[in-house]
Amino acid sequence: MMSQVDMLLVPSLRDEMLVIANNTGHPSLTMRAGFVEVSEARSDWAPDPKNPLPKFSPPRRVPHGITLIGRLFDEGTLGSAGMALERQFNVMGERPKI
């Protein structure tokens, strides 16, 4: 499939895509695409009723990312696309409050 596209844009750090890219050697670039407000901690694990995830008040502004997966030995295209997207998203200078 990768021979038919320049790259894939996928949700950041998803299990399926990480496994595929890690096992095939395809280069990937995970980058910030913006920010989201969250009012409670999130987890991919099943919740534990004895230890609920914390809630945030006020909500916290946290980075949201995307991942680009490129063709084998074509890191230049991946890097160029990443820089262009970063300029368009206009988030490179933003940092969450400490």
Do other residues, nucleotides or ligands put more than 12 heavy atoms under 6.0 Å from Gln88 CD?
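It does not: Gln88 CD has 12 such atoms or fewer within range.
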Approximate separation, where rounding is to 0.5 Å, of Thr30 OG1 and Arg32 CZ
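Rounded to the nearest 0.5 Å, the OG1-CZ separation comes out at 13.0 Å.
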Quick one: pull up CD in Glu40 and CZ in Arg60 and give me the separation to the nearest 0.5 Å.
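Result: 12.5 Å between the selected atoms.
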Hey, does [Y] have a side-chain heavy atom less than 4.5 Å from the side chain of [X]?
{"X": "Ile69", "Y": "Val10", "value": "yes"}
{"X": "Pro63", "Y": "Phe35", "value": "yes"}
{"X": "Ile66", "Y": "Met31", "value": "yes"}
{"X": "Leu68", "Y": "Leu85", "value": "yes"}
{"X": "Val36", "Y": "Val62", "value": "yes"}

With a 3.5 Å cut-off and no angle check, do the side chains of Ser28 and Thr67 form a donor-acceptor pair?
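No, no side-chain donor-acceptor pair sits under 3.5 Å.
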Return each pair, listed once, that meets salt bridge (Lys or Arg N to Asp or Glu O under 4.0 Å) where at least one residue sits in residues 75-91; pairs must be two or more places apart or across chains.
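Residue pairs with at least one partner in residues 75-91: there are none.
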Nearest non-hydrogen partners of Gly70 and Met7, listed with the distance:
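Minimum heavy-atom separation between Gly70 and Met7: CA-CB, 4.1 Å.
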At their closest point, which heavy atom of Arg61 faces which heavy atom of Glu37, and how far apart are they?
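The answer is CB-OE2, 3.7 Å.
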Side chain of Arg71, backbone of Val5: donor and acceptor closer than 3.5 Å?
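Yes.
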Quick one: hydrophobic cluster around Phe73, which other residues, with the 4.5 Å side-chain cut-off, linked directly or via members?
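Cluster partners of Phe73: Leu72.
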